[in-house]
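Report on one structure; see the data block that follows.
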Amino acid sequence: MTRVTRDFGDTMQKEAVPAVSSDVVFATSRFPNYRIGANNQIMEAKDDPKVLSMKEVIARETAMLLDQHNRLSVRDLASKFEKGLAAAAKLSEEARLREAASLEKHVLLKKLRDSLESLKGRVAGRNKDDVEDAIAMVEALAVQLTQREGELLQEKAEVKKLANFLKQASEDAKKLVDEERAFARAEIDNARSAVQRVEESLQEHERMSQASGKQDVEQLMKEVQEARRIKMLHQPSKVMDMEHELQALRAQLAEKTRHYLRLQKEITRTKKGEENVPHLYELEGNETLGSYLQIQPCSDNAPDLSNCSIQWCRVSSDGAKKELISGAIKSVYAPEPFDVGRILHVDVISENQHIILSTTGPIDPAAGLGTYVEALVRKHDTEFNVVVTQMSGLHHPTESIHVLHVGKMRIKLCKGKTTIAKEYYSSSMQLCGVRGGGNAAAQALFWQPKQGLSFVLAFESERERNAAIMLARRFAFDCNIMLAGPDDRAPLGT
C-alpha cells in the first residue's frame, strides 16, 4: 500500500501561536508585586529577588505552549503513525515469514481512519481541520484501493479466462495431434500390410512361374522325344508324302469352301428375290479367322472402289447390335479375334448408290487356335518373331527380325539386346489386327504402347498373329484392362 503523508509541521508552527508584535511597550519589565495583608488589604510587597521578570514569564509560557503544541500536532502524530506503520510493516513481514496471516489493506486503512477519528475528538482548531483532511485522504485512498482491487480482480478474471482458453486449445491441439498420429499409424500399418501382400503375391507368382516353366520344359521335352520317336519310326520320304497330301487337302478344302460360300450367297439372293437384280460387288474370301475378305467388282458398271467410301462394321449374330470398325475403310479386311461369332458388313457408298455387302454367316474361329493359346497362357512370357513395317504411321525401311515378348504384366519389343518399346498394360494401350493392307493384313497387327508411339508388326503366319492378339488380351483382362483397337467398345471377355 502506498503511504501518503502530509507535512503539517511548518503550518502548525506558523499558525498555532500568533507572533507578538514588537510595537507593544510595557511600563515595567515585570509585573507588580502585591500581597494581602490584614483585613484583606492589598499591600505592595518589597521586591523579591525570586520573582520572575515579564520576559521570563512570557518565555516560560511560550515554551509551555510550544511543548503542548508539539504534543498535540498532527505532524507529531503522523511521525508516530509512520513509526508505528513501519513497525507494523516489520511485524507483518515477520508474521508473513512465520506463515502468519497478514492484515488486509482495508483493515489497515480502517484502523488508520479510526485512529484519526479518535484523534479528531481530542484536537480543535486547525489541528482538527488537518485531521479531517487526513481522514479525507485516507478515505480517498480506500476508494482508490477498492477501484484498483476491482481492476485487478477483472484482470485476474480475464487472465483466468485466457488461461482456460489456452488450456482448452492446448488440450484440443493435443487431441488433434493424437488423432492425426493414430491415423498416420493406421495408414502406415495399412501400407505395410499392402506391401506385405504384394510381396507375398510376387513370391507366389515367382513360385508359380518357376513351376510353370519347369512344367513347360518337361512338356516340350516330351514332345521332342515323341517327335524323335515318330521320325525314327517313319522314313523321311513317307513324311514328305504326308505333307504334300496335307497341302493338297488344304487347297481342296479352301476351293470347296469358296464354292460353298458362292452357292450360299446365290441361295440367299434367291430367297430374297434378287436373282434378276444386277450386283455390282461381292465379298470374296474365307469367312474364318486367319483369312481375309476382299471387295470384288462383279459388273462392268461397278464404280471404281478408289472413288467410293468404304466402312466395315461388326454386327451381332441376331442383328441387334452394330459397331463401326474404326480405320477399316479399305477394300480388304482381315478378321481378328473380336470378329469371331459376328457378321461383317461393309458399306460401299458412291455418288448415287449405297451398297451393303455382308458375310453369309458369323466369322468362324481358326481350328486349333484356342488350344494353342491355352498352352501359351501357362507360360510367363511368350516370344514372337516379327518385322516392323510401320512406326508411328511412317514406313519402316528395314526388314530385320524383331522379337515381341507378350507377358502377363507387359509387352516388350526388342531387337537383339536393344529394347525398342516396353509398356505395362494400361487403358492407353491399343492392340488389334491391321485394318487394311492387302492379303498380308491377315499376318499383321497394330500395337500402340502409349500415346504418340505405334507399330505395325508382321508375323510369320496368321496363326501367330491371332495367337499374339488373343494372348495379350487375355493377360490384359487379368489386369482389368480391355485391350482393343481404336474406338473399339467390345465387352470384356470377348
Going by atom type alone, with no hydrogens or angles, which donor-acceptor pairs under 3.5 Å involve a side-chain atom of residues 407-417 and a protein atom two or more places apart or on another chain?
unit_1	atom_1	unit_2	atom_2	d
K408	NZ	V377	O	3.0
K415	NZ	S400	OG	3.4

Task: Derivation and outcome, side-chain hydrogen bond (donor to acceptor under 3.5 Å, both in side chains), residues S358 and H345 - done: CA-CA 4 Å; S358 175; H345 283 188; 3.1 Å; yes

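- Between V387 and H402, the closest side-chain pair of non-hydrogen atoms is not below 4.5 Å.
- Under a 3.5 Å cut-off, the side chain of S309 and the backbone N or O of I349 do not form any donor-acceptor pair.
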Open item on the list: Run the side-chain hydrogen bond (donor to acceptor under 3.5 Å, both in side chains) test on Y292 and E284 for me, step by step, so that the C-alpha distance in whole Å, both residues' side-chain angles and the decisive distance to 0.1 Å come before the verdict.
Closed with: CA-CA 8 Å; Y292 65 92; E284 287 190 357; over 6 Å; no

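- For the residue pair P337 and N466, the shortest heavy atom distance occurs at CD-OD1, 3.9 Å.
- F446 contributes atom CZ, which lies 10.0 Å from atom CG of L457 (distance to the nearest 0.5 angstrom).
- Of the possible donor and acceptor atoms, none in the side chain of S350 sits under 3.5 Å from a partner among the backbone N and O of C308.
- The CZ atom of R314 sits 10.0 Å away from atom CG of L324, with the distance rounded to the nearest 0.5 Å.
- Residue Q448 holds its CD atom at 10.5 Å from CG of L483, rounded to the nearest 0.5 Å.
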- [ ] Take N385 and V403, measure what side chain to side chain contact (heavy atoms under 4.5 Å, CB included) needs, and give me the verdict at the end.
- [x] CA-CA 5 Å; N385 293 327; V403 178; 4.0 Å; yes

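- For the pair V315 and L344, the minimum side-chain heavy-atom distance is 4.5 Å or more.
- Crowding of E151 atom CD: a count of heavy atoms from other residues, nucleotides or ligands under 6.0 Å exceeding 12.
- In terms of heavy-atom proximity, Y425 sits nearest to A472 at CE2-O, 3.9 Å.
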- [ ] Report the C-alpha distance between K161 and E158 in whole Å, list the side-chain angles of each, state the deciding distance to 0.1 Å, and finish with yes or no for salt bridge (Lys or Arg N to Asp or Glu O under 4.0 Å).
- [x] CA-CA 5 Å; K161 183 178 179 181; E158 293 178 357; over 6 Å; no

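- Judged by distance alone, the side chain of T359 and the main-chain N or O of G361 form a donor-acceptor pair under 3.5 Å.
- For the pair R473 and F338, the distance from NZ or CZ to the six-membered ring centre is under 6.0 Å and the angle to the ring normal is within 45 degrees.
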TODO: For the pair E323 and R342, evaluate salt bridge (Lys or Arg N to Asp or Glu O under 4.0 Å) and give the outcome as yes or no after the intermediate values.
DONE: CA-CA 10 Å; E323 295 178 1; R342 301 183 184 184; 3.3 Å; yes

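- Note that the CD atom of E282 and the CD1 atom of I355 stand 12.0 Å from one another [nearest 0.5 Å].
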Under 3.5 Å, which donor-acceptor pairs do the side chains of residues 325-335 form with other protein atoms, sequence neighbours left out?
unit_1	atom_1	unit_2	atom_2	d
S326	OG	D487	OD2	3.4
Y333	OH	D339	OD2	2.6

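- T288 and N286 share no donor-acceptor pair across their side chains, judged by distance under 3.5 Å alone.
- In this structure, SG in C313 is found 12.5 Å from CD1 in I343, a value given to the nearest 0.5 Å.
- Nearest heavy-atom pair across A468 and L431 is O-CD2, 4.4 Å.
- When side chains are defined from C-beta on, H354 counts as touching D347, because their heavy atoms get closer than 4.5 Å.
- Between R465 and E462 there is no salt bridge, since none of the side-chain N atoms of the basic residue sits less than 4.0 Å from a carboxylate O of the acidic one.
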Open item on the list: Under the criterion side chain to side chain contact (heavy atoms under 4.5 Å, CB included), I'd like the reasoning laid out for Y424 against M429: C-alpha separation, chi angles, the key distance, then a yes or no.
Closed with: CA-CA 9 Å; Y424 289 90; M429 182 180 290; over 6 Å; no

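- Side chains of F455 and P449 form a contact here, defined as non-hydrogen atoms less than 4.5 Å apart.
- Side-chain contact between T382 and L471: present, with at least one pair of heavy atoms (C-beta onward) separated by less than 4.5 Å.
- Residues C432 and P486 are in side-chain contact: their nearest non-hydrogen atoms beyond the backbone lie under 4.5 Å apart.
- Between Y281 and P297, the closest heavy-atom pair is CD2-CA, 3.7 Å.
- Contact annotation: the side chain of L394 never approaches that of S392 to less than 4.5 Å [non-hydrogen atoms, C-beta and beyond].
- Between R474 and E374, the closest side-chain pair of non-hydrogen atoms falls below 4.5 Å.
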- [ ] Just do the side chain to side chain contact (heavy atoms under 4.5 Å, CB included) check on R435 and W312 with the steps written out, would you?
- [x] CA-CA 9 Å; R435 295 165 180 178; W312 293 81; over 6 Å; no

Under 3.5 Å, which donor-acceptor pairs link side chains of residues 181-197 to any protein atom two or more places apart or in another chain?
unit_1	atom_1	unit_2	atom_2	d
N190	ND2	A186	O	3.2
S193	OG	D189	O	3.2
S193	OG	N190	O	2.7

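- In this structure, the separation between CG on D364 and CD on E287 is 8.0 Å, given to the nearest 0.5 Å.
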Open item on the list: Evaluate V346 against Q311 for side chain to side chain contact (heavy atoms under 4.5 Å, CB included), listing each step before the verdict.
Closed with: CA-CA 5 Å; V346 57; Q311 178 62 62; over 6 Å; no

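- In this structure, L289 and V340 approach most closely via the heavy-atom pair CD2-CG2, 4.0 Å.
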